[in-house]
2 protein chains.
Amino acid sequence: MERKENLYGVFENLLKIKNECSYEIFSECGISDITVKQIEYLKTIDEHGKLTFTGLAQITKNSKPTITEMINKFVKMECAYREKSAEDGRIYYICLTEKGQMIARSEKYALMKLIERISDVLEATEMETLIRILKKIK
Amino acid sequence: MERKENLYGVFENLLKIKNECSYEIFSECGISDITVKQIEYLKTIDEHGKLTFTGLAQITKNSKPTITEMINKFVKMECAYREKSAEDGRIYYICLTEKGQMIARSEKYALMKLIERISDVLEATEMETLIRILKKIK
DNA sequence: ATATGTTAGGTTAATGCTAACTAATTAAAG
DNA sequence: CTTTAATTAGTTAGCATTAACCTAACATAT
């Protein structure tokens with residue numbers, strides 16, 4: 001019982017650190033009032049790479065004007081930009097800026113920062129023990 | 001280098017499990033389209049215990065009508081209810097239903113579920129090793 | 001008289017839509 | 001092989017809905 005409480009405590013601490021790392025990433029990007037929806041869009045764009053407006057509309061099941069509006073917002077926020085297709089003059093690809101990528105990947109980067117911090121503190125053998133134990137959880 | 005990647009993998013897995021637990025909690029409550037703001041309000045109410053409308057307005061720095069409106073929503077969602085003060089007939093306390101508490105504490109409960117799952121799988125000695133190692137992270 | 005909560009009647013911003021448009025490309029017909 | 005017609009990509013204009021706020025005015029209780 002007490003073991004569980006202790007474990008709860010240490011995990012709570014780890015999650016707190018991870019959240020701080022997340023917060024840092026958003027601060028660095030100078031973005032404070034982004035919405036959950038917008039982060040979702042950025043993730044979708046990031047995952048699919050070069051997407052067209054029509055493509056993003058289909059994936060997110062929205063109309064094309066909705067996508068235009070969203071991308072215009074992202075351009076203003078310096079999170080995305082348009083890249084004209086060389087083959088077809090009607091097509092524009094949606095590309096993420098570094099800032100846009102940071103936000104899209106903020107979860108990943110926060111976890112990476114946490115891992116960095118863990119590996120700074122632990123010995124090699126401890127790292128291995130940790131991995132061995134935690135691999136058991138499915 | 002490889003150790004870090006492995007550790008990233010196992011933590012990613014743990015977080016995924018925790019997210020599933022979170023999702024389960026919201027599903028059990030039958031609530032799908034709650035907003036981030038609303039969860040924040042529920043957390044504030046939960047943390048402060050019996051709060052009045054004026055009290056919640058002060059804490060959240062909103063006007064009283066805003067609070068009335070929000071609580072009305074919560075009542076419809078079966079997350080909160082009013083409790084009339086016995087001493088002062090003007091005062092109503094804001095109380096959370098079980099559902100409201102579940103949502104306010106969803107993070108905690110999800111973490112608890114995760115710990116439960118961990119302790120199901122690990123031996124006592126492994127639990128202790130895990131705690132000892134993770135306590136080093138500050 | 002004053003404090004508590006409610007009602008009425010707003011605002012702003014996010015997120016979505018349809019219809020109509022321009023520009024570019026492709027297909028068809030002469 | 002042009003020239004025209006149809007199609008496709010993205011944009012603009014204009015509108016609807018909802019969340020989350022507000023002030024002013026109110027009823028009720030102290």
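Order of the sequence lines fixes the chain letters, A, B, ..., with proteins taken first and strands second; residue numbering starts at 1 for each chain. All figures in this text were calculated on a predicted structure; none of them were measured in a lab.
B:F11 and A:F11 have tilted rings, their planes meeting at an angle from 30° to 60° on a 0 to 90° scale.
For DNA chain C, the outermost nucleotides in 5' to 3' order that have an atom under 4.0 Å from a heavy atom of chain A are C:dA14 to C:dT25.
Between the NZ atom of A:K64 and the P atom of D:dA13 there is a distance of 17 Å, given to the nearest Å. One interatomic measurement links the two molecules: CZ of A:F53 to C1' of D:dT11, which rounds to 9 Å at whole-angstrom precision. A:I91 has its CD1 atom 10 Å from the C1' atom of D:dG10, to the nearest Å. Between the C1' atom of D:dT12 and the CG atom of A:N72 lies a distance of 11 Å, rounded to the nearest Å.
Between B:K50 and B:E83, at least one side-chain nitrogen of the basic residue sits less than 4.0 Å from a carboxylate oxygen of the acidic one, meeting the salt-bridge criterion. Comment: A:E28 does not engage A:K99 in a salt bridge, judged by the lack of any side-chain N to carboxylate O separation of less than 4.0 angstrom. Looking at A:K136 and B:E126, a side-chain N of the basic residue comes within less than 4.0 Å of a carboxylate O on the acidic one, giving a salt bridge. With respect to the salt-bridge test (charged N to carboxylate O, under 4.0 angstrom), the residues B:E24 and B:R117 do not qualify.
No donor-acceptor distance shorter than 3.5 angstrom exists from the side chain of A:D46 to the backbone of A:R105, with no hydrogens or angles considered.
Judged by closest nucleotide on DNA chain C, A:P65 is the one of A:P65 and A:K84 placed further toward the 5' end. Toward the 5' end of DNA chain C, the nearer of the two residues A:E87 and A:M70, judged by each one's closest nucleotide, is A:M70.
The one candidate from A:K18, A:K113, A:K43 that meets the salt bridge (Lys or Arg N to Asp or Glu O under 4.0 Å) condition with A:E107 is A:K18.
With distances taken from any side-chain atom of A:R82 to the nucleotides D:dG10, D:dC21, D:dT7, the minimum falls on D:dG10.
Within the model, atoms CG of B:L7 and CD1 of A:I118 stand 5.0 Å from one another, a figure rounded to the nearest 0.5 Å.
Across all strands, B:T66 comes closer than 4.0 Å to base atoms (heavy-atom distances). No engagement by B:Y93 is indicated, since no non-hydrogen atom pair under 4.0 Å with the nucleic acid exists. Nucleic acid contact class of B:T68 (heavy atoms, under 4.0 Å, all strands): base.
Contact between the side-chain N/O atoms of B:N62 and the OP1/OP2 oxygens of D:dA20 is not found at any separation under 4.0 Å.
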Show each protein N/O and nucleotides 16-19 of chain D N/O combination with a separation under 3.5 Å, one pair to a line.
none

Q: Run the numbers on A:I45 and A:I71 for side-chain contact (heavy atoms from CB on, under 4.5 Å), then give the verdict.
A: CA-CA 10 Å; A:I45 297 166; A:I71 299 304; 4.1 Å; yes
